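Ligands are counted one by one from 1 in listed order, and the atoms in each one are counted from 1 as well. Just so it is clear, the model here is predicted, and its values are computed rather than measured.
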Amino acid sequence: MSFRELPHIKARPGDIAKNVIAVGDPGRVDLLSQLLEEKRVVNEHRGLKVVTGTYKGVKVSIATHGIGCPSAMIVFEELGILGARRFVRVGTTGGLRRDIRVGDVVVATGAGYTQGGCGLGQYMPGICGATSPHSVLTARIMESLSRNGVKFLAGPVYSSDAFYAEDPSFAERMSHLGFVAVEMEAAGLFALGWMRGWETAAVLVVSDVLPSEEKVFLTTAELADKFTSVARAVLDVFSEL
Ligand code: ADE
């Protein structure tokens with residue numbers, strides 16, 4: 001079958017690496033692709049910027065997945081069609097516990113979601129998806145974070161479908177259920193990973209803490225250094241595999 005083009009990611013076969021760092025914001029593709037050499041932009045369609053380059057000689061793509069599972073899962077599916085096999089989401093998250101601080105790093109060991117939500121109700125009606133990351137990849141990333149001097153908390157996150165629907169009782173309810181932080185894409189990524197045979201993981205920087213008295217969001221500039229340290233640790237894992 002000849003390849004024409006995909007609807008959202010207009011890269012060609014060969015343009016996408018097996019190893020992908022996926023981020024929500026195309027600005028972060030620009031930030032993190034500074035860590036790559038021999039880089040080129042392989043997609044800008046729909047603002048879903050993707051850059052492919054090398055890190056320590058290993059081919060890597062840094063891709064924008066947009067906001068929420070429906071957007072992210074379209075991007076993951078199309079990157080998978082184009083050859084991606086290992087996906088690490090490096091994103092922001094909202095802390096759900098009072099002991100979490102902005103700038104902290106959370107490694108997701110699982111992701112809950114609302115029954116039928118996260119796009120998964122359509123992939124697997126009536127089934128609660130296998131929303132855990134790849135354990136070996138996640139363990140390697142935790143080791144690499146430690147080696148790179150990045151402290152982290154490991155625990156389950158909740159993948160929300162509605163950023164602005166988080167009422168004042170949300171954090172207390174969700175932390176009571178065991179979730180450490182809230183974000184919007186990990187459950188979709190993890191479930192797709194098991195469905196498609198990919199390795200997946202998510203490393204998240206806390207941009208806001210929901211139960212704090214005065215809710216503050218760290219700015220993109222304030223998050224930049226932490227994102228870069230996390231991405232370097234992930235890229236080191238890619239270069240060692
Ligand atoms: N990502 C970062 N902060 C978040 C929040 N409060 N809710 C959902 N996703 C987030």
Among non-hydrogen protein atoms, atom 4 (C) of ligand 1 lies closest to Phe163 CE1, 3.5 Å

Using side chain to side chain donor-acceptor pair (under 3.5 Å), reason through Thr114 and Tyr158 one step at a time and then give a plain yes or no.
CA-CA 9 Å; Thr114 303; Tyr158 173 71; 2.3 Å; yes

Examine Arg28 relative to Phe227 and say whether NZ or CZ is less than 6.0 Å from the centre of the six-membered ring and inside a 45° cone about the ring axis.
yes

Report, as yes or no, whether the 6.0 Å neighbourhood of atom NZ on Lys18 holds more than 12 heavy atoms from other residues, nucleotides or ligands.
no

Take atom CD in Glu172; do more than 12 heavy atoms of anything else shown fall under 6.0 Å from it?
no

Considering only heavy atoms of Glu183, which atoms of ligand 1 have at least one such atom less than 4.0 Å away?
9 (N)

re atom 8 (C) of ligand 1, the protein heavy-atom contact at minimum distance is Glu166 OE2, 3.3 Å

Determine, for Glu37 against Lys56, whether the closest basic-nitrogen to carboxylate-oxygen distance falls under 4.0 angstrom.
no

Show the atoms of ligand 1 that are less than 4.0 angstrom away from any heavy atom in Met184.
8 (C), 9 (N)

To which protein heavy atom is atom 6 (N) of ligand 1 closest, and what is the distance rounded to 0.1 Å?
Asp208 OD2, 2.9 Å

Asp104 bridged to Arg97 by N-O distance under 4.0 Å
no

Interfacing atoms of ligand 1 (cut-off 4.0 Å, heavy-atom, Leu210)
6 (N)

With a 4.0 Å cut-off on heavy atoms, does Ser207 reach ligand 1?
yes

